[in-house]
Visitor: 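Okay, handing you the structure first.
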Amino acid sequence: MVLVQLLREQKQKVVEAYRKRNIDAENIVEQILEADDYRKSNQAKLDSLLNQSKTIAKSVGELFSQGKREEANKLKEKSTALKQEIKDLQDRAGSISTELADLLYQLPNVPHVLVPDGKTDQDNEEVFRFGDIPEMGKNALPHWELAKKYNLIDFETGVKITGAGFPVYTGNGARLQRALIQFFLDEAVKAGYLEVQTPFMVNEASGIGTGQLPDKEGQMYQVPIDGFYLIPTAEVPVTNIFRDTMLSIKDLPVKRTAYSPCFRREAGSYGKDVRGLNRLHQFDKVEIVQITEPGLSYQTLDEMLEHVKSILTKLELPYRIVRLCGGDLGFAAALTYDFEVYSAAQDKWLEVSSVSNFESYQSNRLKCRYKNSDGKTELVHTLNGSALALPRILASLLENNQNENGISIPEVLIPYTGFHEIN
RNA sequence: GGAGAGGUGGCUGAGUGGCUGAAAGCGGCACCCUGCUAAGGUGUUAUACUGGCAACGGUAUCGAGGGUUCGAAUCCCUCUCUCUCCGCCA
């Protein structure tokens with residue numbers, strides 16, 4: 001969450017920045033500052049009463065040990081009189097801090113200066129493009145038909161087993177998927193990320209730490225009997241490794257990568273955008289996460305972009321990078337770049353990666369800090385990105401590489417698949 | 001799932017109602033001393049919120065939450081986690 005201190009010191013600037021998200025934050029910021037002031041003054045009163053009560057209690061003890069029972073009893077009464085007042089102030093302190101937290105949870109991250117104005121993904125700003133858009137003949141098939149033709153994916157059986165959005169990959173389809181995972185992990189490890197395998201279910205505290213909770217529980221599958229949530233991305237367990245930790249400067253940057261299945265309820269989506277692999281309830285992804293000193297996080301963001309670029313280039317897929325506009329920017333992010341690959345038969349761009357800098361928004365919730373070079377405790381910056389999400393990569397691989405004989409596999413994947421063509 | 005034991009500062013570990021934010025040891029840091037295999041001495045060493053220019057204060061925190069009491073690490077209740085044994089099991 002946003003630091004109250006920042007709101008206090010740079011209120012106008014922050015409110016101005018929020019306009020990029022098309023929200024007028026003036027009111028809520030004001031409420032937060034008021035609540036925080038109230039919290040402080042309430043706490044000051046409480047502290048002084050507690051101080052009195054403690055002092056009295058101490059004296060009572062001394063009087064008893066000196067055998068002055070009557071005086072002691074008199075003092076006891078005095079302390080008893082304070083009790084109710086203390087309790088009231090404590091109750092109030094509790095409700096104020098809940099109220100303050102509720103307000104802070106409503107406030108998304110402050111957008112970075114580079115974030116363009118805009119409302120929808122139409123307003124995102126293209127900043128880079130690689131590769132030529134392939135010219136496909138009229139006979140080009142969309143990936144769901146290719147998947148059927150070559151027995152790569154069985155959508156119907158997935159529906160039977162679970163429901164729509166849970167495909168069954170078979171034969172070379174399964175093999176190709178596994179090859180991609182392996183390839184992505186190898187690339188990440190080569191780039192200095194430590195591979196980790198984490199739980200695929202998380203508890204509530206972890207959901208809050210990375211910002212999925214308390215607002216967006218509807219987007220996650222839940223296991224109510226145990227109070228767990230299926231992860232929507234490996235970002236959640238991987239980042240939460242560092243919840244409530246104090247890092248040393250020599251630990252930084254922390255670089256982690258993880259493969260995981262991702263589970264998303266994605267309520268309300270429909271139509272041709274969800275056909276085939278375009279939008280699933282369960283899909284695979286390799287995620288990269290970095291934790292850095294605040295001064296270096298944007299440099300790190302660039303490094304992560306370069307990493308994703310190199311993977312897509314090796315896969316020989318045409319792609320572009322867009323900078324998300326304020327309206328499209330995720331709740332916890334300060335700046336996000338999406339990677340979109342071109343899917344030839346569908347004739348559209350598909351998002352395959354989202355790389356974000358969360359600055360201290362997550363670390364503030366996570367209580368992930370480090371001691372800086374002056375020995376002062378400071379919140380770290382967290383970043384993460386997909387490298388990459390599988391299904392749409394698969395979709396565009398199938399579509400872009402189809403020919404009369406079958407589907408050719410990019411050079412770099414052949415050692416992983418063991419075959420160079422699907423037919 | 002059943003039974004039992006236990007969660008104290010970076011670590012080990014004392015502490016069963018007040019003088020304990022917490023002994024002692026280890027580790028860390030600072031200074032001092034000493035040229036024989038690096039040891040000794042002294043001091044210091046938690047976090048958060050908060051007041052103050054500062055010096056220096058206040059409050060909270062001994063797994064979490066509630067309760068008893070003038071006063072709780074210490075007593076009571078609930079929850080949670082860890083360990084041991086049994087059961088089950090990839």
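Letters A, B, ... mirror the listed sequences (proteins, then strands); counts begin at 1. Any value given below was found using the heavy atoms of this structure, including those in side chains, with hydrogens, waters and symmetry copies removed.
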Visitor: Could you give the distance from CD (A:Glu359) to CG (A:Leu301), rounded to the nearest 0.5 Å?
Guide: 10.0 Å
Visitor: Roughly how many Å is it from NZ in A:Lys40 to P in B:rG58, rounded to a whole number?
Guide: 20 Å
Visitor: Whole-Å distance between B:rU59 P and A:Gln52 CD?
Guide: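 From A:Gln52 CD to B:rU59 P: 11 Å.
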Visitor: If you define the side chain from C-beta out and look only at heavy atoms, does anything of A:Leu230 sit under 4.5 Å from A:Val223?
Guide: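 Side-chain contact under 4.5 Å: yes.
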Visitor: Can you measure A:Leu366 atom CG to B:rA48 atom P for me and round it to whole angstrom units?
Guide: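 In whole Å, B:rA48 P lies 16 Å from A:Leu366 CG.
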Visitor: Counting only Watson-Crick or G-U wobble pairs whose two distances fall under 3.5 Å, which nucleotide matches B:rG40?
Guide: B:rC32
Visitor: Using modelled atom types and a 3.5 Å cut-off, is there a donor and acceptor pairing between side-chain atoms of A:Asn364 and backbone atoms of A:Met1?
Guide: yes
Visitor: Roughly how many Å is it from CG in A:Leu89 to C1' in B:rA60, rounded to a whole number?
Guide: 15 Å
Visitor: May I have the distance from A:Asn42 (atom CG) to B:rU59 (atom P), rounded to whole angstrom?
Guide: 16 Å
Visitor: Taking side chain to side chain contact (heavy atoms under 4.5 Å, CB included) as the criterion, tell me which of A:Ile241, A:Leu247, A:Asp244 meets it with A:Cys368.
Guide: A:Leu247
Visitor: Please report the distance separating the C1' of B:rC79 from the corresponding atom of B:rA22, rounded so that it comes out in whole Å.
Guide: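 Comparing C1' positions in B:rC79 and B:rA22 gives a spacing of 26 Å.
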Visitor: Closest nucleotide of RNA chain B for A:Asp36 versus for A:Leu46: which of these residues is on the 5' side?
Guide: A:Asp36
Visitor: Please confirm whether the shortest side-chain N or O distance from A:Asn51 to OP1 or OP2 of B:rU59 is below 4.0 Å.
Guide: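 For B:rU59, OP1 or OP2 has a side-chain N or O of A:Asn51 closer than 4.0 Å.
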Visitor: Step through it carefully: locate the ring centre of A:His307, locate the ring centre of A:Tyr193, and say whether they are under 6.0 Å apart.
Guide: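 Ring centroids of A:His307 and A:Tyr193 are less than 6.0 Å from each other.
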Visitor: Ignoring backbone atoms, test whether A:Lys367 places a side-chain nitrogen or oxygen under 4.0 Å from the OP1 or OP2 oxygen of B:rU47.
Guide: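 No, no such contact exists.
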Visitor: Please encode protein proximity along nucleotides 66-76 of chain B as a string of B, S and -, counting only heavy-atom distances under 4.0 Å.
Guide: -S-BBS-----
Visitor: Between A:Glu62 and A:Lys54, name the one whose nearest nucleotide on RNA chain B is closer to the 5' end.
Guide: A:Glu62
Visitor: Can you check the A:Gln43 CD to B:rU61 P distance for me, whole Å?
Guide: 11 Å
Visitor: Provide, to the nearest angstrom, the distance between the CD atom belonging to A:Gln90 and the P atom belonging to B:rG65.
Guide: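 Atom-to-atom, A:Gln90 to B:rG65, this comes out as 12 Å.
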Visitor: Should A:Arg369 be listed as having a side-chain N or O under 4.0 Å from OP1 or OP2 of B:rU47?
Guide: no
Visitor: Quick check for you: among B:rU50, B:rU59, B:rU47, whose closest atom lies nearest to any side-chain atom of A:Arg39?
Guide: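 Among B:rU50, B:rU59, B:rU47, the one nearest the side chain of A:Arg39 is B:rU50.
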Visitor: How long is the line joining CG of A:Asp244 and C1' of B:rA64, in whole Å?
Guide: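 Answer to the nearest Å: 13 Å.
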